[in-house]
Amino acid sequence: MKTWVDLQTDSFLDANARQRAIGLVDEGSFTELAGPMDRLQSPHLPLLGEAVEFDDGIVTGVGLIAKRAVFIASQEGRFIGGAVGEVHGAKMVATLKLALDSYEKMKKDNPSLPDNRGPVAVISFETGGVRLHESNAGLLAHAEVVDQIQKCRGKVPVIAVIGSKVGCFGGMGFVAAQTDVSIMSPFGRLGLTGPEVIEQEMGKDEFDSSDRSLVYRTTGGKHKYILGDANYLVEDSIGSFRQKLSEVLSLSQDEINAHRRIGSLRLVENQLNKVRLSITLKPKDSKDVWKYAGNDNPESLVDLSTSDFLSVARRLKFMAANEEV
Amino acid sequence: METLLGQGRAAIDLIIDKDTFVENEVGTLKIEDPDFGPGAVIGTAKLNGETVTVIANDAMVCNPNFPVVYAGIIGMEEAYKMAKAVYHTIEADRGKDTLRPIVLIVDTPGNGPGKQEEIFGMNNATGSYQLALAEARLLGHPIVAIVVGRAISGAFLCHGLQADHILSLGPQFGTMIHVMPISSVARITKLDQEFLENLAKSNPVFAAGPQFFEALGGVEELIDDINSIGQVVTKHVSEVRKLKKDGQPTGPWARGILGFERGGRVMRKKVMEVMNQEFASVADKYLSA
């Protein structure tokens, strides 16, 4: 059993969902809710002759960062690719709802609660979206997560952390975009349609999913950072993610809001700048966008360490909305 | 009329008051570029005499700038166009006592699955539209979705599943609601197709069809008389208004409750109860700030 101190220097990419949940909050502060002992497993998988997990592939619970309650949902890619079924989805919905209910309670008890002392919610994404074995229930759960995220806005900061093997795709790609703040490592991947699916639907000419470098350039953390979809890019260690998380948690609600990528008419107009750029630039590769953003030698960014990348990379800018606070 | 599949514009005419649809205008919004997100049809109309925002799909057009976007697919432009229609609906009624309804007419096979879409963030586009709908719903606009053709996976998630109430023409009209057809599920999960098809009759969680979504609480009502759809949408607008006025739940959360009542999703409730109970026993340690 790894200690919390070990976890801080461990690779986030290699860590399992429980290690991420434990390591992202202060030492010894994590309490798992609806853990494996409760055996809340999928009732649908056994009917298909498939194995179950007692946590249904998601670790949910609550911890503290600097005495502030942090509600966490951490997806496990080793179990059916972190896919969302009925139980898995309900655990994520309940995590967000507990954070919001806790906020309402604290606010009622203390109307002058400072806006950076209330609960926060963190989702550590590792998923391809809906679990096909129980797809209808999984889809409906996604809609409930979106509903909770909107309900949390302006009250409970919701933060996405993305740096695990499976990436964050399918319906959960929408959800990650809808959070207040997103933190990625260069190994994190974020999108809607995964590389294999694009290749299958549109052909190898459109997208060669076996080209790992292409895959990372298109949906990986560095590209998402340049594009503004990732607010922050951090090294691949649990401690680096935790450090960034604690910095974000010291911000006021207004400062958190300034991190949003979508969620208002103004931000829609900003995103439409990118759509227009897509039409005029017609990039063959993400590197064309990096160059447009002011990186004269985009190829050189591919293999840079995270810290070197951060010191030289220029980000796509149309207006102030995506600027770091 | 046997089906409205692929005929989003005909569906608009069938639902709203005769000759009242003004396309590309919502509040102060006027969309003048005919090539901007042509697969998304937005505008303002009257429904039973009341001003409503209409958002639908047009399966007959292609987006000239995005080759993967055709046949009702929601691409980046389409999703942002739909989101703008919602935000302008909110702005048009801000501060008013009665908020106009939004009617979503659903016939979409998916989101744009291309490289441009991934490079620039298809997820942001459809994510925007969902958040806009959720915001409008929580502000009090009644939102009623009606599935007239295809309501597939992520495209249904953005265009439909954030509504207060969801209606669907019955399966006899060729409507389809699913994430993936059983043949594809069989291929990806490596399970036998015939076995899955048999199981689908008793277990609606992975079966394809509006009747299965109804059993899961994912669709409030199936419609069997195609000529009544305007009246049924109007009825649900009134019901949603009343529910909201009475503080009763609508939308995704209410469909979770409905899924339990209809016996289609029974674990969801248990999971939430366990998490609430377990947190209550440790809450003092975490909420002392």
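Note that the structure is a prediction, hence the values are computed from the model and not measured.
With a threshold of 4.5 angstrom between heavy atoms, B:Gln162 approaches chain A through side-chain atoms but not through N, CA, C or O. Only the side chain of B:Ile188 comes within contact range of chain A, with at least one heavy atom under 4.5 Å from a heavy atom of that chain. Heavy-atom distances place both the backbone and the side chain of A:Asp147 under 4.5 Å from chain B. Heavy-atom distances place the backbone of B:Pro204, and not its side chain, under 4.5 Å from chain A. In this structure, chain A has a heavy atom under 4.5 Å from the side chain of B:Phe66, while its backbone stays farther away. Neither the backbone nor the side chain of B:Val86 comes within less than 4.5 Å of any heavy atom of chain A. The contact between B:Leu196 and chain A is made entirely by side chain atoms (from C-beta outward), counting heavy-atom distances below 4.5 Å. For B:Arg255, no part sits under 4.5 Å from any heavy atom of chain A, backbone or side chain. Heavy-atom distances place the side chain of A:Val130, and not its backbone, under 4.5 Å from chain B. Heavy-atom distances place the side chain of B:Leu157, and not its backbone, under 4.5 Å from chain A. Looking at B:Met180, the atoms closer than 4.5 Å to chain A (heavy atoms on both sides) all sit in the side chain, from C-beta outward. Contact annotation for B:Ala132: neither backbone nor side-chain heavy atoms come within less than 4.5 Å of a heavy atom of chain A. At a 4.5 Å heavy-atom cutoff, the contact between A:Glu50 and chain B is made by side-chain atoms alone. Proximity to chain A is limited to the side chain of B:Leu199, based on heavy atoms less than 4.5 angstrom apart.
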What do the steps show when you test B:Asn65 against B:Asp35 for side chain to side chain donor-acceptor pair (under 3.5 Å), and what is the final call? CA-CA 8 Å; B:Asn65 291 309; B:Asp35 286 343; 5.7 Å; no

Evaluate the criterion salt bridge (Lys or Arg N to Asp or Glu O under 4.0 Å) for residue pair A:Glu269 and B:Lys84; output intermediate values, then yes/no. CA-CA 9 Å; A:Glu269 297 296 350; B:Lys84 282 174 90 153; 3.1 Å; yes

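If you tally non-hydrogen atom pairs under 4.5 Å between each of A:Lys224, A:His133, A:Gln148 and chain B, the highest count goes to A:His133. Ranking A:Asp101, A:Thr219, A:Leu47, A:Asp285 against chain B, the residue ahead of the rest is A:Leu47, based on heavy-atom pairs under 4.5 Å.
A:Ser286 and A:Asp288 form no side-chain donor-acceptor contact under 3.5 Å, judged by distance and modelled atom types alone.
Using a 4.0 Å cut-off between charged nitrogen and carboxylate oxygen, B:Glu91 and B:Arg94 count as a salt-bridge pair. Under 4.0 Å is where a charged nitrogen must lie from a carboxylate oxygen, and between B:Glu273 and B:Lys269 at least one such pair does.
With sequence neighbours excluded, no residue satisfies salt bridge (Lys or Arg N to Asp or Glu O under 4.0 Å) with B:Arg187. Applying the side-chain contact (heavy atoms from CB on, under 4.5 Å) test to B:Glu278 and every residue at least two apart in sequence or in another chain returns A:Leu33, A:Asp38, B:Val274.
The CE atom of B:Met122 sits 7.0 Å away from the SG atom of B:Cys158 when rounded to the nearest 0.5 Å. If you take CD on B:Glu77 and CG on A:Leu272, they are separated by 7.5 Å, rounding to the nearest 0.5 Å.
Of all heavy-atom pairs between A:Ile262 and A:Arg260, the closest is O-NE, 2.9 Å.
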